[in-house]
Amino acid sequence: MNAKVKGTAFALFGGACWGLSSVVGKLLFDMRGMNAEWLVTARLVFGGFIMLCFAAFQKKGEIFKIWKEKKTAFSMILFAALGMLACQLTYFLCVQYSNPATATVLQYTSPVMIMLLCLFLDRKLPRIIDIIVLIAVVVGVFLMSTHGNIHSLAISQKALILGITTAITVVFYTVWPVRLLREYGSTLVIGWGMFIGGIMLMPFSKFWAPPGRWDWVTVILVAIVVVFGTIVSFSCYLKGVMYLGPVKSSLFACMEPLVSTILTIFLLHQAFVAADIVGIALIIVSVTSLAVNDVIKEAREKKK
């Protein structure tokens with residue numbers, strides 16, 4: 001199996017695991033009476049701890065050097081709070097108040113926000129494809145949230161605000177830790193981000209008093225969110241980046257909203273009207289086209 005096939009397989013599987021975790025989370029909310037705050041705490045604390053164990057093995061125990069400099073430590077705490085914690089909490093709250101497909105597709109608008117931020121910081125005018133994608137995403141969100149009726153919302157206002165907020169936090173999550181990732185590596189930074197974020201949320205989620213109905217099914221579902229939705233998904237995606245590079249790997253991130261939408265329909269029996277389907281398709285296709293354009297641009301630059 002060559003590197004491209006391996007990278008594609010890892011990236012696709014990582015995206016699928018992210019999509020699966022949101023559906024399992026919704027099952028826990030609806031069938032077991034759990035809440036997003038407790039589930040996110042468990043996901044971040046246990047997932048972060050296991051990733052730090054991996055990092056300790058990779059870096060021969062040197063996992064605390066990130067805290068030796070005040071500037072780096074402050075940057076790490078901001079990433080944990082405003083990146084990792086804020087992103088995960090608003091996302092799963094959106095799942096709780098709507099459905100996994102809606103939350104995931106709204107979150108998937110973040111690349112467009114990153115594009116706009118980069119254009120602003122670089123003082124560049126948008127390309128034609130940037131404008132088309134922006135219009136398509138706005139129309140897609142409008143169709144999903146209103147079903148085409150400007151006078152009413154098809155999802156709750158709380159869910160819509162949480163979904164858009166998730167996309168904004170993904171921008172911070174993506175842009176802020178660039179220097180940290182280059183200096184300390186993704187496993188260590190993500191591991192500390194998860195673990196510290198989970199510790200921050202503990203007093204508010206009352207982690208010591210798990211909510212809902214607990215049995216072996218609940219334990220398995222929580223384990224799926226922690227193991228497959230966190231550790232396996234991040235590890236596979238990073239493997240995909242290693243084989244394909246970040247630009248091409250991002251192309252396969254569309255698996256997350258696709259898997260989430262399919263599982264929401266077939267496992268949760270969520271009904272979507274035509275406006276929902278069109279809105280979801282507009283967002284996925286338009287955002288993915290940005291990644292496709294970057295892949296083409298990268299290939300052309302290599303030929304020069």
Side-chain angles (χ1 to χ4, degrees), residues 18-44 82-113 134 136-173 197 201 204-205 211-212 221 225 229 253-254 256-284 286-287:
W18 274 320
L20 172 67
S21 70
S22 63
V23 175
V24 174
K26 185 64 172 177
L27 289 172
L28 285 166
F29 301 149
D30 292 351
M31 297 175 59
R32 288 296 186 267
M34 191 170 288
N35 59 55
E37 293 86 348
W38 193 92
L39 183 61
V40 170
T41 305
R43 176 177 180 166
L44 293 179
L82 302 180
M84 188 65 72
L85 171 56
C87 175
Q88 295 292 320
L89 184 58
T90 54
Y91 174 70
F92 274 98
L93 281 171
C94 187
V95 170
Q96 182 175 318
Y97 290 117
S98 58
N99 60 73
T102 299
T104 306
V105 173
L106 288 174
Q107 173 202 263
Y108 197 60
T109 62
S110 60
V112 178
M113 297 183 184
L134 178 59
V137 166
V138 171
V139 172
V141 171
F142 171 76
L143 290 174
M144 284 182 60
S145 58
T146 67
H147 289 173
N149 183 356
I150 197 171
H151 300 294
S152 65
L153 282 173
I155 60 175
S156 70
Q157 185 179 14
K158 184 182 288 187
L160 179 59
I161 292 171
L162 284 166
I164 299 299
T165 303
T166 302
I168 294 170
T169 60
V170 170
V171 175
F172 184 86
Y173 172 94
L201 190 56
F204 304 98
S205 65
L221 292 177
V225 172
C254 64
E256 182 182 1
L258 284 174
V259 169
S260 183
T261 300
I262 292 168
L263 293 180
T264 298
I265 293 171
F266 289 102
L267 291 184
L268 303 179
H269 308 292
Q270 175 74 40
F272 290 107
V273 301
D276 289 321
I277 302 300
V278 173
I280 289 170
L282 272 173
I283 292 171
I284 293 176
S286 60
V287 173

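Just the heavy atoms: all of them, side chains too, but no hydrogens, waters or symmetry mates, feed the values below. Residues: numbered from 1 along the sequence shown.
- For the pair P100 and L268, the minimum side-chain heavy-atom distance is below 4.5 Å.
- Looking at heavy atoms from C-beta onward, V287 lies in side-chain contact with V112 at the 4.5 angstrom threshold.
- Residues L93 and E37 meet the side-chain proximity criterion, which asks for heavy atoms closer than 4.5 Å.
- With a 4.5 Å cut-off on side-chain heavy atoms, Q107 and C94 do not count as touching.
- Considering every non-hydrogen atom in both N35 and P211, the closest pair reads ND2-CG, 3.5 Å.
- Nearest approach of G197 to L44, heavy atoms of both residues: C-CD1, 3.9 Å.
- Here the closest non-hydrogen pair linking S286 and A136 is CB-CB, 3.7 Å.
- Annotation: the span from S22 atom OG to L27 atom CG amounts to 10.0 Å, rounded to 0.5 Å.
- The minimum heavy-atom distance between F92 and F29, with the atom names listed, is O-CE1, 3.6 Å.
- At a threshold of 4.5 Å between non-hydrogen side-chain atoms, the residues T146 and L153 count as touching.
- The structure places CG of L39 at 13.5 Å from CZ of R32, a figure rounded to the nearest 0.5 Å.
- With contacts defined as side-chain heavy-atom distances shorter than 4.5 Å, the pair I155/M144 does not qualify.
- Atom CG of residue L263 and atom CG of residue L258 lie 10.5 Å apart, to the nearest 0.5 angstrom.
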Begin with the C-alpha distance, continue with both residues' side-chain angles, and end with the deciding distance and a verdict on side chain to side chain contact (heavy atoms under 4.5 Å, CB included) for V23 and T264.
CA-CA 6 Å; V23 175; T264 298; 4.1 Å; yes
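- One finds the CG atom of D30 at 8.5 Å from the CD atom of Q96 (value rounded to the nearest 0.5 Å).
- Closest approach of A101 to S260, counting heavy atoms only: N-OG, 3.5 Å.
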Check the pair L106, V141 against side chain to side chain contact (heavy atoms under 4.5 Å, CB included), reporting the backbone distance first and the verdict last.
CA-CA 7 Å; L106 288 174; V141 171; 4.1 Å; yes
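- Contact of the F272 side chain with the N99 side chain is registered, since non-hydrogen atoms from C-beta on lie closer than 4.5 Å.
- Under the 3.5 Å distance criterion, the side-chain polar atoms of T166 are matched with a main-chain donor or acceptor of Y91.
- A distance of 11.5 Å separates CG of N149 from CG of L143, quoted to the nearest 0.5 Å.
- Minimum heavy-atom separation, T169 to C87: OG1-CA, 3.2 Å.
- Side chain of K26 to main chain of V95: a donor-acceptor pair is present (N/O by atom type, distance under 3.5 Å, no hydrogens or angles).
- Between the CG atom of L282 and the CD1 atom of I277 there is a distance of 11.5 Å, given to the nearest 0.5 Å.
- Formation of a donor-acceptor pair under 3.5 Å by the R43 side chain with backbone atoms of G229 is found in this model.
- Remark: the T165 side chain and the T90 side chain contain no N/O donor-acceptor pair separated by less than 3.5 Å.
- Two residues are said to be in side-chain contact when any heavy atoms from C-beta on lie closer than 4.5 Å; L221 and V225 fail this criterion.
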